[in-house]
Amino acid sequence: MTAVIASEGLCPPGVPAPGWIAIDGGDIVDVGTGTAPSGAADVGDALLAPAFVDVQCNGVGEIDLAAADATGWQMVATELAHHGVGSFLATFVTAPLDRYPAMLDEAAGAQTSGDGRAALVGVHLEGPFLGGALGAHDPALVHAVDAAWLQVTLERHPGLVRMVTLAPEADPGLLAIRLLASAGVVVALGHTSATYEDALAAADAGASVVTHLFNGMTPFHHRAPGLVGAALDDDRLTPTVIADLAHVHPAALRLAFAREPRIAVVSDAVAVVDGLDARDGAAWLADGTMAGATTLLDGAIRNLVASGISIERAVGAVTAAPARLAGLGDRGELRIGARADVVALDPATLAVRRVWIGGAEIARSPWT
């Protein structure tokens, strides 16, 4: 049966305006502007937008996805949905190579999670093949690419690993980038001291994303633009950015958004476990090193707008942009044929009012 949801502020596309969407079988089957058909469920002045897509989420609350059991995976997916996230990539940071099979097995099982939760659409491996800007990654566990291990990992769970962040200096000859790209895996550059020229060579080999722009890379310099410069200059590379306002200053956010129309926002959310201090929207090691964020994408969209980014750009950066770079063509937009993952946001505070996952509204009781 078709259900219609109407709002005074449909977004996207463009500036929020009155409109409506029709949902049937978990998908959007029609979209219109102006007055909705009779019988529509009216959310009033709420901003109606696609549910958020997070392509870098390590954990939530006290649950680290790298160590989670089935219950933990369900709790994280449920909590993300409460915060407006419809789909996410579980992110595993640097660990011993022999630990990944068990983590990936758990993730594969979690993909069968039921209704009312954010959909786990794959895994993002952030390490261990990293380079000269490690941040909180354990230097004892970082090493050069093991192409044979990568091949076995991809074959063990076909389609599960959707994104790999690596450093060009950890990939001699850029063989792993070519291997991953040929297998349909999104290759992101990050935690690296790569030069501008190194980044362009990696893009030639198939890299297409830059992980959390400004963080985990050498700073921009006018005579040595580095990975920051490549991310903002080469259209083959789409940067992601963390918008917790701790990792990146609002001025840097504005500059990045002004230059790059395809920029995608990630949470980089981590579990706050022993050894981490949560403050100012981020998680910190005792030595002052940032270890990730505690701000989820609903907080990020509020931070973007507070920093001067238009609401339509902010919405796109947490929906269509990350969906596009991860190859998720059926979500992140309010259009015919898209998955009916939808959020209604308060127009003043941008707080999440209501959430629909696969066309079904979920009961919300966030625990973070």
Side-chain angles (χ1 to χ4, degrees), residues 26 51-127 136 138 153 156-163 266-278 281-283 291-300 322 326 328 331 339-343 352 354-368:
F52 313 141
V53 178
D54 194 351
V55 298
Q56 189 168 359
C57 178
N58 308 268
V60 177
E62 297 181 352
I63 301 175
D64 181 356
L65 290 174
D69 59 13
T71 299
W73 280 94
Q74 291 178 3
M75 290 178 67
V76 167
T78 299
E79 180 65 2
L80 289 174
H82 290 164
H83 287 269
V85 176
S87 305
F88 71 106
L89 292 183
T91 302
F92 297 150
V93 297
T94 297
L97 290 184
D98 61 6
R99 279 195 56 202
Y100 286 95
M103 294 189 291
L104 291 168
D105 286 349
E106 288 286 350
Q111 284 191 297
T112 61
S113 60
D115 295 337
R117 296 190 284 270
L120 172 65
V121 291
V123 168
H124 174 180
L125 298 181
E126 188 188 6
D138 186 346
T153 298
R156 181 183 176 92
H157 291 295
L160 179 63
V161 177
R162 298 190 70 102
M163 183 180 298
V266 297
S267 71
D268 197 23
V270 298
V272 181
V273 294
D274 290 345
L276 289 182
D277 176 31
T294 57
T295 303
L296 299 179
L297 290 185
D298 57 337
L328 302 171
R331 60 201 74 201
R339 179 178 158 96
D341 296 341
V342 184
V343 296
V352 175
R354 301 170 69 176
V355 180
W356 294 261
I357 299 293
E361 185 168 8
I362 68 169
R364 295 183 58 247
S365 55
W367 48 265
T368 60

Checklist entry - For Val123, which of Thr153, Leu65, Leu104 qualifies under side-chain contact (heavy atoms from CB on, under 4.5 Å)? => result Leu104
Checklist outcome for this item: Heavy-atom nearest pair, Thr294 first then Ala282, reads OG1-N, 3.5 Å
Next on the checklist: Between Ser267 and Gln56 (side chain of the first, backbone of the second, donor and acceptor by atom type, cut-off under 3.5 Å), is there such a pair?
Outcome noted: yes
Checklist entry - Does Arg162 use its side chain to pair, donor to acceptor, with the backbone of Ala326 at less than 3.5 Å? => result yes
Item to check | Exercise: do Asn58 and Asp64 side chains pair donor with acceptor under 3.5 Å | outcome: no
Checklist outcome for this item: Looking only at heavy atoms, the pair that brings Gly116 and Ala81 closest together is O-CB, 3.9 Å
Item to check | Closest non-hydrogen atom pair between Val85 and Ala118, with its separation | outcome: O-CB, 3.3 Å
Checklist entry - What is the distance from atom CG of Asp54 to atom NE2 of His124, rounded to the nearest 0.5 Å? => result 10.5 Å
Checklist entry - Do the side chains of His83 and Val60 get nearer than 4.5 Å, heavy atoms only? => result no
Checklist outcome for this item: In terms of heavy-atom contacts, Ala363 and His82 come closest through O-NE2, 3.2 Å
Checklist entry - Is the shortest heavy-atom distance from the side chain of Val53 to the side chain of Phe88 under 4.5 Å? => result no
Checklist entry - Is the shortest heavy-atom distance from the side chain of Ile357 to the side chain of Arg339 under 4.5 Å? => result yes
Checklist entry - What are the two closest non-hydrogen atoms of Gly122 and Gln111, and how far apart are they? => result N-NE2, 3.8 Å
Checklist entry - Is the backbone of Gly358 close enough, under 3.5 Å, to the side chain of Asp341 for a donor and an acceptor to pair up by distance? => result yes
Item to check | Closest approach of Ala269 to Leu296 (non-hydrogen atoms, all atoms of both residues) | outcome: CB-CD2, 3.7 Å
All N/O donor-acceptor pairs, side-chain side in residues 90-101, below 3.5 Å, sequence neighbours left out:
| from | atom 1 | to | atom 2 | distance (Å) |
| --- | --- | --- | --- | --- |
| Thr91 | OG1 | Cys57 | N | 3.0 |
| Thr94 | OG1 | His137 | ND1 | 2.8 |
| Tyr100 | OH | Val93 | O | 3.0 |
| Tyr100 | OH | Ala95 | N | 3.0 |

Item to check | Asp274 CG to Glu62 CD distance, which is reported to the nearest 0.5 Å | outcome: 9.0 Å
